[in-house]
Amino acid sequence: MNSKVLKRELRAQFYRKNTVPLAIAFFAALALGTMNLILSWLIQQLIDTASGLAGALPLPALARLTSGFLLLCILSMLLDYASGPRFMERAMRQYKEFAFQKLMEKNISSFGQESTAAYLSSLSNDASSIEADYLEQLLKLATKVIMFIGALAMMLWYSPLLTLIAAVLTILPFAASVLTGSRLEAAQRRVSDRNTDFTSALKDCLGGFTVVKSFKAEKEIFALFAQSNRALEKEKFTMRRIKKIIGMIGSIAGIFAQLGVFLAGAYLALADRGLTPGVVIMFVNLMNFMIEPIAELPGLLASRRAATGLIGKLADALEKNSSPQNSREMDRLKTRICLDRVSFGYGPEKEVLHEISAVFEAGGAYAVVGGSGSGKSTLLNLLMGSGMDYSGQILFDDTELRELDSGSLYGMISMIQQNVFVFQASIEDNITMFRSFPQEEIRQAISHAHLNELLADHDGSYLCGENGKGLSGGERQRISIARSLLKKSSVLLADEATAALDAKTAWQVSNDILDQEGILRIVVTHTLEEALLRRYDGILVLRDGRIEERGTFEELMEKKGYFYALYTVAQ
């Protein structure tokens, strides 16, 4: 799916299963526009009746007409109240949900190359702009169109000459609006771009709060925040000024046109050219319905183009780095994962892994050790599909990773990282990831991950806090273990899962991982403790992105090589 098709699909979400509320809202908008035209006619009739003109409607008849008009106004407003908000709610809900669903279809490799700030901006501030400048204007446009057509028809009926004068006078507000309205689209796009930068800066400032405080860098971080904030507000200031200019020019030109029509109408009435005082006042009032759409139309269309541009911006982001869906599917790992001369880098001259060849047997437990920067985490990330531009082969059984359907890959693998993400939800919801499982399976996962005590201390309504701040590091790690057990993954990857834990908790969590039988466990660890290392079926020792040694703990210790040196230093 290319960006243009995705853009059309995004726009289609506004109307999917939403045609009835839209049709009713359109009808209400047309009815409200018609009510304004009827009001102009009633005012004309009331003025002519009050002036005592022959042939004017009697006052009792006007009173009855006015009562009926008020009733129709109330009904039209109630119809608008019932349909307009419903259409808007469903349109924006479906638009954002469709966009988020497409975002969730990206694989880890694609998403890892992008900035989340762009999506945060698109689904919050940009969505608000689309709601105000695209959808709300859609209904307003219907009201303005019926008012314009109706006003023109009524004016032609009463006085073609005065209508011609009015048409000439409306050229000024139209020309003024065209000259200024075209600048609005570019301004709206710049605001969106600056808002993305601001959202990114804000995320960094809040995410690095602890680092900021520990280095006493408050002033410097405030300067970064202020710089981004000022850039955003400056662009918003420019956009507001453009809108103000459009409105100001339209208003001044509209006043000029109305006064011109009033003077011309007064002259024709005094010259006995078939115009009554009521008709002149009606013309002035109808001029509003002609000038307003003409004056606002360029700005309104510019706003809609700007909103359409924001939809296109989101479509481009969703399409960016998207990978074709592969057809090879697997339910579980049956035999092994085999790496054959795998090399990988984050750039042409930044190769991290060099000619890695290794075999991890299904159901086994393997440790990956080495110094900082040796490529341990990169290796695990490759197995998780975070990068597909490696050379060599990574085989899951007999299927190459690049040919494997990403859904199948994520179904087979669970990954425990040093910082486990925990949602602001209950402990059980975080274990099940909001999905339904048999209670017996949940109970077993909780038991095997040693979470019974945690659940006993907190009732089911206890919320874990933003990113699990209500839990300890060890508790978050055990939740991650329980997730993989409940998911029934055939491969468990653990990347420095105990690095941030105290020695006792780290020992317990490491044992919990090794106790999980029947699944392949590949553990990147800095904890070189003999009792734990003896439990692994094999140890892979990396050095500068290459395999320096491999074997069991006993075999590596007997060699007295690089691993022996690492182990000795760690004691």
*Can you tell me how far OG1 of T378 sits from CD1 of I356, rounded to the nearest 0.5 angstrom?*
10.5 Å
*Given side chains that start at C-beta, do those of L454 and R478 come closer than 4.5 Å, heavy atoms only?*
no
*asked:* Rounded to the nearest 0.5 Å, what separates atom CZ in R16 from atom CD in Q94?
replied: 4.0 Å
*asked:* Just so I know, are the side chains of D340 and L395 near enough to count as touching, which here means a heavy-atom distance under 4.5 Å?
replied: no
*asked:* Ring-plane angle category for F344 and Y346, please: parallel below 30°, perpendicular beyond 60°, tilted otherwise.
replied: perpendicular
*asked:* Using the rule given for side chain to side chain contact (heavy atoms under 4.5 Å, CB included), can you reason through L382 versus L353, listing the C-alpha separation, both sets of side-chain angles and the distance that settles it, and then say yes or no?
replied: CA-CA 10 Å; L382 279 184; L353 298 177; 3.6 Å; yes
*For residues E400 and Y390, report the shortest heavy-atom separation together with the two atoms involved.*
OE2-OH, 3.0 Å
*Within-4.5 Å side-chain heavy-atom neighbours: Y366 and L540*: no
*Might you work through the side chain to side chain contact (heavy atoms under 4.5 Å, CB included) test for L533 and L556, ending with a clear yes or no?*
CA-CA 11 Å; L533 291 170; L556 293 173; over 6 Å; no
*Backbone of V524 reached by a side-chain donor or acceptor of D495 within 3.5 Å*: no
_Closest heavy-atom pair and its distance - E530, Y567_ = CB-OH, 3.4 Å
*Where A367 and T525 come nearest, the two heavy atoms and their spacing*: CB-CG2, 4.4 Å
*Decide yes or no for F222 and K219: does some side-chain heavy atom of the first lie under 4.5 Å from some side-chain heavy atom of the second?*
no
_Would you say that V541 contacts Y564 through its side chain, given a criterion of any heavy-atom pair below 4.5 Å between the two side chains?_
no
*asked:* Taking E475's backbone N and O only, do any of them form a donor-acceptor pair with S472's side chain (distance below 3.5 Å, no angle check)?
replied: yes
*Would you check if there is a donor-acceptor pair between the side chains of N511 and R535 at a distance under 3.5 Å?*
yes
_Quick check for you: to the nearest 0.5 Å, what is the distance between L10 atom CG and T308 atom OG1?_
11.5 Å
_Has S480 got a side-chain atom pairing as donor or acceptor with R476's backbone, closer than 3.5 angstrom?_
no
*asked:* Can you confirm whether I427 sits close enough to C464 that some side-chain heavy atom of one is under 4.5 Å from a side-chain heavy atom of the other?
replied: yes
*Looking only at heavy atoms, what is the nearest atom pair of R483 and I431, with distance?*
CG-O, 3.4 Å
*What is the minimum heavy-atom distance between I442 and E428, and which atoms define it?*
CD1-OE2, 4.0 Å
*asked:* Classify the ring geometry of H458 against Y462: parallel below 30°, tilted from 30° to 60°, perpendicular beyond 60°.
replied: parallel
*asked:* Tell me whether Y15 at atom OH has more than 12 heavy atoms from other residues, nucleotides or ligands lying less than 6.0 Å away.
replied: yes
*Any donor and acceptor pair, going by atom type alone, linking the side chain of N381 with main-chain N or O of S377 inside 3.5 Å?*
yes
*Hey, is the main chain of R341 close enough, under 3.5 Å, to the side chain of E355 for a donor-acceptor pair?*
no
*asked:* If we ignore hydrogens and angles and just use 3.5 Å, is the side chain of D537 paired with the main-chain N or O of A365 as donor and acceptor?
replied: yes
*Is it true that a side-chain atom of K7 and a backbone atom of L314 form a donor plus acceptor pair closer than 3.5 Å?*
no
_Between E529 (side chain only) and A531 (backbone N and O only), is there a donor and an acceptor less than 3.5 Å apart?_
no
*asked:* Please determine whether a side-chain nitrogen of the Lys or Arg among R194 and D197 lies less than 4.0 Å from a carboxylate oxygen of the Asp or Glu.
replied: yes
*Does a salt bridge link R86 with E89, judged by any charged N lying under 4.0 Å from a carboxylate O?*
yes
*First locate atom NZ of K487, then atom CE of M433, and finally report the distance between them rounded to the nearest 0.5 Å.*
9.5 Å
*Going by heavy atoms in the side chains, are N125 and S192 under 4.5 Å from each other?*
no
*Qualifying residues under side chain to side chain donor-acceptor pair (under 3.5 Å), relative to R521, sequence neighbours excluded*: none
*Anything under 30° is parallel, anything over 60° is perpendicular, the rest tilted; go ahead and classify Y134 against F14.*
tilted
_side chain to side chain contact (heavy atoms under 4.5 Å, CB included) for N430 and L471? Distances and angles first, verdict last._
CA-CA 12 Å; N430 269 289; L471 303 174; over 6 Å; no
*If you round to the nearest 0.5 Å, how far is OG of S228 from CD of E233?*
10.0 Å
_What I'd like to find out is whether the side chain of M412 reaches to under 4.5 Å of the side chain of L404, using heavy atoms alone._
yes
*Give the intermediate values and the outcome of side chain to side chain contact (heavy atoms under 4.5 Å, CB included) for residues L383 and L339.*
CA-CA 9 Å; L383 295 177; L339 286 80; 4.1 Å; yes
*asked:* With a 6.0 Å cut-off (strictly less than), is the heavy-atom count around CZ of F421, excluding the residue itself, greater than 12?
replied: yes
*asked:* Checking side-chain polar atoms at under 3.5 Å, does S484 have a donor or acceptor matched by the opposite partner on S414?
replied: no
_Shortest non-hydrogen separation from G375 to V352 and the atoms involved_ = CA-CG1, 4.0 Å
*Measure the CD-CE distance between E131 and M88 for me, rounded to the nearest 0.5 Å.*
4.0 Å
*Is a side-chain N or O of Q13 found less than 3.5 angstrom from the main chain of E9, in a donor-acceptor match?*
yes
*Sub-3.5 Å donor-acceptor pair from the side chain of K376 to the main-chain atoms of G370, do we have one?*
yes
*Take Y536 and F553 through the test ring-ring contact (aromatic ring centres under 6.0 Å, His included) and record every step on the way to the result.*
CA-CA 8 Å; Y536 289 102; F553 176 77; over 10 Å; no
*More than 12 heavy atoms of other residues, nucleotides or ligands under 6.0 Å from CD of E351: is that the case?*
yes
